[in-house]
There are 2 protein chains.
Amino acid sequence: MRWEELDQQPCSLSRTLAVVGDRWTLLVLRDCFLGVRRFDEFEKRLGVTRHVLADRLKKLVEYGVLVKVPYQQRPLREEYRLTERGLELHPAIMALVSWGDRHMADERGAPIRHVHKGCGQAMRPVMVCSECAEPVSARDILVQVGEGWEGQVGELLPAAR
Amino acid sequence: MRWEELDQQPCSLSRTLAVVGDRWTLLVLRDCFLGVRRFDEFEKRLGVTRHVLADRLKKLVEYGVLVKVPYQQRPLREEYRLTERGLELHPAIMALVSWGDRHMADERGAPIRHVHKGCGQAMRPVMVCSECAEPVSARDILVQVGEGWEGQVGELLPAAR
DNA sequence: GCTTATGGGTTCTTTTTTGGAACTTATTAG
DNA sequence: CTAATAAGTTCCAAAAAAGAACCCATAAGC
């Protein structure tokens, strides 16, 4: 499967990965959430080649995750800002960071602390059910084929065991 | 920056991406959560080349996300299972799937429905604060340098604006 | 006992993607 | 007139992925 086919797959994860499924894209977004907006600041902080950075930023703009906003005229200079759609990737990034904090940290601990403005505490993200607000883990979830997809695709799910 | 340097970066996202930061790895994990365990079933479902699949599975085993468990002797056959560490990637995958459901779905809607066994309802994941249990969005969080990291790395965070 | 199937790979060649460095363009500062 | 800045683009070499063929142990069919 090539990149171009990925956003047509019958799977929301594949489709999301068509947008953010390489390491540079997610690192660009991390920096966006930290307040970085300009091409050269991304370049300095990430250590990515300009070539690849330009490509990823363009793709993120095409998918509506970032917008280019002019911050000066003559010469025209534009910066990249998160859209609403981009902001909604925050839980995904937080979940990945949180996993890294738990499983990939060295003796210095987590490099970054997230303080919840609401309660003033250092927090980690917890996933709860949108319906009953209870915490959910992998074991608590039953997976079913979506309504619009019954019989559409052979083997959307593996045979039950 | 090359792949090999990624898991040493002063950033938990980089370190997590050293493990799962390419599209195939995350698609392999999606299938693990759906109950897939064997090499040839991954291959059939994903449309990945055997070469890349073998490489990704090996890496996931090295990082402790999957374990190889023999399911028959003579000839020896092994399957791949999620470890505790692997199960903890579930929130990250759910968050990515949920974003795809919202922003990348077509007129057929979400391909997969997640039913919370606890309450019996179709759910989407919501991120809440571990300390006060309130929902959190990007705007509700203040980012600070971690305790063990003060002064260690220049420019862990961009200059405040 | 010969052929084919199965599961889990490895090897080989071709194509695509990156990395790295130099070049471009518009404008201002010295 | 020269250099600097910001945001790219172009070019070539290196690395990674795609695609297909091959390998190995065992078992099942005939």
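Each chain gets a letter, A, B and so on, in the order its sequence line appears, and its residues count up from 1. The analysis underlying the following values was restricted to heavy atoms, covering all of them including side chains, and did not include hydrogens, waters or symmetry mates.
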J.: Do the rings of B/F42 and B/Y80 sit parallel, tilted or perpendicular, given the 30° and 60° boundaries?
T.: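 Taking B/Y80 first and then B/F42, their aromatic rings stand perpendicular (interplane angle over 60°).
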
J.: Grab the NZ-P distance between B/K59 and C/dG9 for me, whole Å please.
T.: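 Rounded to whole Å, this separation is 17 Å.
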
J.: Once you round it to whole Å, what is the distance between C1' of D/dA18 and CG of B/L53?
T.: 14 Å

J.: Please report how far the helix from C/dG1-D/dC30 to C/dG30-D/dC1 bends, comparing the axis fitted to its first five pairs with the axis fitted to its last five, to the nearest 10 degrees.
T.: 10°

J.: Nearest whole Å is fine: how far is C/dT6 C1' from B/E79 CD?
T.: 16 Å

J.: With heavy atoms under 4.0 Å as the rule, sort B/E78 into base, sugar-phosphate or nothing.
T.: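 If one applies the 4.0 Å heavy-atom cut-off, B/E78 turns out to touch the sugar-phosphate alone, with no base involved.
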
J.: Map B/Y80 and A/D22 onto DNA chain C by nearest heavy atom, then report which one ends up closer to the 5' terminus.
T.: B/Y80

J.: Look at all strands and tell whether B/F42 reaches a base, only sugar-phosphate, or nothing, counting heavy atoms closer than 4.0 Å.
T.: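 The residue B/F42 makes no contact with any strand.
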
J.: Nearest-Å distance, CG (B/L6) to P (C/dT18)?
T.: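 Computing the B/L6:CG to C/dT18:P distance gives 14 Å.
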
J.: Please evaluate residues B/M123 and A/V136 with respect to the criterion side-chain contact (heavy atoms from CB on, under 4.5 Å), reporting the C-alpha separation (whole Å), side-chain torsions for both, the decisive distance (0.1 Å), and the verdict.
T.: CA-CA 10 Å; B/M123 55 86 69; A/V136 279; 3.7 Å; yes

J.: Rounded to the nearest 0.5 Å, how far does CG of A/D31 lie from CG of A/L46?
T.: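 The CG atom of A/L46 sits 4.5 Å away from the CG atom of A/D31.
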
J.: If you check the A/R56 side chain, which of C/dG7, D/dA7, C/dT18 turns out closest?
T.: C/dT18

J.: Treating B/R15 as the side-chain partner and A/M104 as the backbone partner, does any N or O pair qualify as donor plus acceptor under 3.5 Å?
T.: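 Flag set: sc B/R15 to bb A/M104 pair under 3.5 Å.
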
J.: Name the closest nucleotide to the B/V48 side chain, picking from C/dT10, D/dG8, D/dA18.
T.: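 The listed nucleotide nearest to B/V48's side chain is D/dA18.
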
J.: Nearest to the side chain of A/V52 - D/dG19, C/dT18, C/dT10?
T.: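 Within the option list, the nearest is C/dT18.
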
J.: If you check the B/D40 side chain, which of C/dG20, D/dA7, C/dG8 turns out closest?
T.: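 From the listed options, C/dG8 comes nearest.
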
J.: Can you tell me if B/T16 uses its side chain to pair, donor with acceptor, with the backbone of A/L96 under 3.5 Å?
T.: yes

J.: In terms of side-chain heavy atoms of A/W24, which of D/dG8, D/dA17, C/dT18 is nearest?
T.: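 Among the listed nucleotides, the one closest to the side chain of A/W24 is C/dT18.
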
J.: What's the CG-P distance between B/L27 and D/dA18, to the nearest Å?
T.: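 Atom CG in B/L27 sits about 11 Å away from atom P in D/dA18.
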
J.: Measure the distance from CZ on A/F39 to C1' on D/dA7 and round it to the nearest whole Å.
T.: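 Whole-Å distance recorded here is 6 Å.
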
J.: With sugar-phosphate meaning primed atoms plus P, OP1 and OP2, does B/K68 contact a base, only sugar-phosphate, or nothing at under 4.0 Å between heavy atoms?
T.: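 If one applies the 4.0 Å heavy-atom cut-off, B/K68 turns out to touch the sugar-phosphate alone, with no base involved.
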
J.: Could you tell me whether A/E88 and B/R102 make a salt bridge, using a distance below 4.0 angstrom between a side-chain N and a carboxylate O?
T.: yes

J.: Pick from A/R38, A/R56, A/R50: which one makes a salt bridge (charged side-chain N to carboxylate O under 4.0 Å, His left out) with A/E43?
T.: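 Of the listed residues A/R38, A/R56, A/R50, the salt bridge (charged side-chain N to carboxylate O under 4.0 Å, His left out) partner of A/E43 is A/R50.
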
J.: At under 4.0 Å between heavy atoms, which parts of nucleotides 21-30 of chain C does protein reach? Answer with one letter per nucleotide, 5' to 3': B base, S sugar-phosphate only, - none.
T.: -----BSS--

J.: Please give, in whole Å, the distance from C/dT18 P to A/R23 CZ?
T.: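 Rounded to whole Å, this separation is 8 Å.
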
J.: Nearest whole angstrom, please: distance from the P of C/dG9 to the CG of B/D55.
T.: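 In whole Å, C/dG9 P and B/D55 CG are 12 Å from each other.
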
J.: Of all the choices, C/dG19, D/dA7, D/dA18, which nucleotide is nearest to the side chain of A/Y71 once you look at every atom?
T.: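 Nearest to the side chain of A/Y71 among the choices is D/dA7.
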
J.: Can you find a pair of side-chain heavy atoms, one from A/R37 and one from A/C32, that are under 4.5 Å apart?
T.: no

J.: So which atom in B/D140 and which in B/P135 form the shortest heavy-atom distance, rounded to 0.1 Å?
T.: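 Looking at all heavy atoms of both residues, the closest pair is OD2-O, 4.1 Å.
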
J.: Do B/V128 and A/L89 sit in one hydrophobic cluster, given that two such residues count as connected whenever their side-chain heavy atoms are within less than 4.5 Å of each other, even indirectly?
T.: no

